[in-house]
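Following: one structure in structure tokens, then a few remarks.
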Amino acid sequence: MSRIDDLKSYQQLYQKSLKESEKYWKMVASDFDWFKKWEKVSSGDFHNLEIKWFEGGKTNMSMNCLDRHIKDPELANKNAVIFVPNDPSEQKKEFTYKQLYEQVCRFSNVLKNNGIKKGDVVCFYMGMTPELLIGILACTRVGAIHSVVFGGFSAKALSGRINDCQAKMIITHDGGLRGQKVVPLKDITDEAVKECPSVSKVLVSKRAHNQIQFNSKLDVWLEEEMQKADTKCDPEIMDSEAPLFILYTSGSTGKPKGLLHTTAGYMVNVAHTFDNVFQMEKDDIYWCTADIGWITGHSYLTYGPLLNGATTVMFEGVPTWPDAGRFWQIVDEIKVTHFYTAPTAIRALEAAGVEHVRKHKLDSLKVLGTVGEPINEEAWEWYNEEVGKKRCPIVDTWWQTETGAIMISPLAHITPLTPSCATHPLPGISPILVDQEGKEIEESVAEGNLCITRPWPSMARTIYGDHERYRQTYFSTYPGLYFTGDGAKRFQNGHYRITGRVDDVINVSGHRIGTAEVEDALDEHPKVYESAVVGYPHDIKGQGIYAYLICHKEIFDNKDKSETIEKLKKELDEIVIKMIGPIAKADKIQIVSELPKTRSGKIMRRILRKIAAQETDQLGDTSTLLNPEIVEELIQGRSD
Ligand code: WTA
């Protein structure tokens with residue numbers, strides 16, 4: 001791989017990646033196996049939105065993750081995946097590259113034997129076990145498009161996603177193991193599938209051994225199919241721009257969006273960023289704690305490490321069971337060198353008490369990473385001192401489901417670090433800051449909305465089935481620019497600090513939640529007439545969910561009674577769990593008589609955010625409100 005190895009070469013290569021973009025990406029892409037080389041490195045722009053990379057090329061993702069490596073006998077016998085089960089007393093499982101290759105081939109044949117063909121969509125709703133990782137690689141091998149739905153989403157959220165992408169098959173577990181809980185994945189799937197006419201088969205993997213309903217018309221046991229299947233399966237020849245996967249994420253408005261990523265650009269960009277950001281050596285062991293249900297689990301648990309021939313750890317459980325030292329115990333036990341997690345996990349483990357981390361040596365660690373939300377300085381320092389023992393650089397990696405790969409990040413051991421700072425852009429990425437009017441802010445020291453000026457290989461190509469929504473969401477706020485939805489500060493040295501979302505997306509424990517989705521769920525309650533949801537600062541989760549509710553008189557009149565609020569809160573939680581999943585439950589609710597509205601009837605969320613955040617001295621101009629008198633009521637009734 002063409003790796004950057006010092007600051008000077010970063011600067012040179014970064015410049016080259018922008019000035020001689022085609023040459024740069026041609027060099028990077030030459031490291032991969034192609035059935036046929038591309039004809040054109042890149043085409044399309046942010047006006048026509050017909051973005052293509054490595055057009056005319058033919059390749060296959062699983063071939064580049066597996067077949068390419070097992071040609072080398074040493075790599076063939078190296079561990080590709082170390083699986084750490086939920087229960088610490090259960091044996092870990094290791095898969096060498098050769099073994100992973102065989103499993104993926106088997107799974108590919110299972111897909112084919114069960115009617116899956118190139119271009120079909122396969123949905124995964126599973127716990128974090130090797131079957132999930134093997135399954136998605138198998139999809140890429142046969143040219144099927146995977147769509148992984150996080151195992152914490154509800155039946156309704158699952159069926160909505162399946163129907164949107166018209167998945168033909170769903171692959172699930174009997175139950176998922178998370179700490180002491182069994183998540184009834186198959187039951188939830190059964191409920192979802194009732195609403196999904198496109199699904200003709202459900203593959204069920206045995207894991208929790210909980211009671212399930214087996215529906216012989218649809219269901220097939222995965223393990224039985226695996227045993228029957230052959231261990232050889234040639235990879236499909238895929239166009240560079242063939243769809244690779246769909247992944248749903250929340251936006252400011254409407255239902256979740258299915259971001260579509262395509263094959264070659266994603267592959268090249270993800271592999272290259274993994275290599276440069278983490279700077280791994282041959283025998284290092286890498287652990288990303290993300291679930292494969294999110295983009296981090298796609299790009300940097302699965303594809304990034306495997307494309308680089310690295311050893312990737314997959315953990316099934318939760319950080320706090322059997323106790324809050326679980327992560328550190330695993331690090332010591334398997335000698336993890338590179339550890340990548342979310343700030344919310346760091347804050348939760350910090351709050352659990354320093355004794356949990358000090359019990360463990362952690363002397364194998366070389367590099368730490370964070371992703372998913374801004375990391376506050378205190379958490380950064382704690383991570384640096386208590387986990388990294390001040391020896392390990394922290395790579396604060398900024399990127400998004402839409403970007404596919406890391407965009408702004410330090411390179412481990414190379415980039416000078418500032419706490420809470422994502423630092424500099426990676427090759428091919430050209431960030432700028434714009435003001436409210438979309439004018440570029442030229443000063444080096446500045447704060448503004450973060451945009452990207454030109455296409456990069458791993459960017460999502462569209463919203464599945466709705467290209468117009470893709471244009472509207474990302475390219476219409478500032479025509480000709482990709483708008484990230486994030487705000488950022490830039491420093492004298494050109495480094496960036498990401499300050500968080502500037503739109504109506506709430507980042508709860510690193511999970512993106514759209515306010516509109518939560519409002520839709522809350523409005524389902526028969527006694528809730530209108531709701532407005534905003535984020536507010538939360539010590540552990542980063543942001544919490546605060547809901548303002550206009551309710552039936554019976555509730556309003558009793559709003560000062562704790563039993564009224566508790567009962568309503570419980571009922572609302574149940575609705576949210578049913579419509580979305582437990583991650584979207586409101587942390588705080590406040591019953592109000594009205595919401596602050598502009599003269600055109602729009603809710604003024606800025607005011608709601610300030611009140612929820614207890615920043616009432618910064619309310620700004622409220623005189624343009626239709627009902628300015630409501631502000632005082634909202635402040636007085638704030639929920640603590
Ligand atoms: C936020 C996760 C600050 C940001 C990979 C972005 C971050 C959203 C960072 C994307 C970071 C991600 N510093 N904020 N290092 N990384 N974010 O799609 O608001 O789940 O827009 O992708 O997370 O979340 P997503």
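In each ligand, atom 1 is the first atom listed, and ligand 1 is the first ligand listed.
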Hits for side chain to side chain donor-acceptor pair (under 3.5 Å) against E131, two or more places apart or cross-chain, chain-then-number order -> T129
Below 30° counts as parallel, above 60° as perpendicular, anything between as tilted: where do the rings of F274 and Y300 land? parallel
Close N or O approach (I375, ligand 1; < 3.5 Å):
no
Does ligand 1 come near enough to T296 that some N or O of the ligand is less than 3.5 Å from an N or O of the residue?
no
Are W294 and ligand 1 in contact, using a heavy-atom cut-off of under 4.0 Å?
no
Closest to atom 18 (O) of ligand 1 among protein heavy atoms sits T401 OG1, 2.5 Å
(message) In terms of relative ring orientation, are Y340 and F278 parallel, tilted or perpendicular, with 30° and 60° separating the classes?
(response) perpendicular
Atom 19 (O) of ligand 1 has as its nearest protein heavy atom D486 OD1, 2.6 Å
- request: Give the ring-plane orientation class for Y482 versus F46, where under 30° counts as parallel, over 60° as perpendicular and anything between as tilted.
  value: tilted
Would one find an N or O of T249, backbone or side chain, under 3.5 Å from an N or O of ligand 1?
-> no
Those residues at least two apart in sequence (or on a different chain) that pass side chain to side chain donor-acceptor pair (under 3.5 Å) with N384 are none
Any N/O pair T484/ligand 1 closer than 3.5 Å
no
inquiry  = Considering both backbone and side-chain atoms of T370, is one of its nitrogen or oxygen atoms within less than 3.5 Å of a nitrogen or oxygen in ligand 1?
reply    = no
Atom 24 (O) of ligand 1 sits nearest the protein heavy atom R512 CD, 3.1 Å
In this structure, atom 1 (C) of ligand 1 is nearest to the protein heavy atom G372 O, 3.3 Å
- Task: Kindly confirm or rule out an N or O of D396 lying under 3.5 angstrom from an N or O of ligand 1.
- Result: yes
- request: Look at the rings of Y266 and H261 and say which category their plane angle falls in: under 30° parallel, 30 to 60° tilted, over 60° perpendicular.
  value: tilted
- Message: Tell me whether the NZ or CZ atom of R609 lies within the 45° cone about the ring axis of Y536 and under 6.0 Å from its centre.
- Response: no
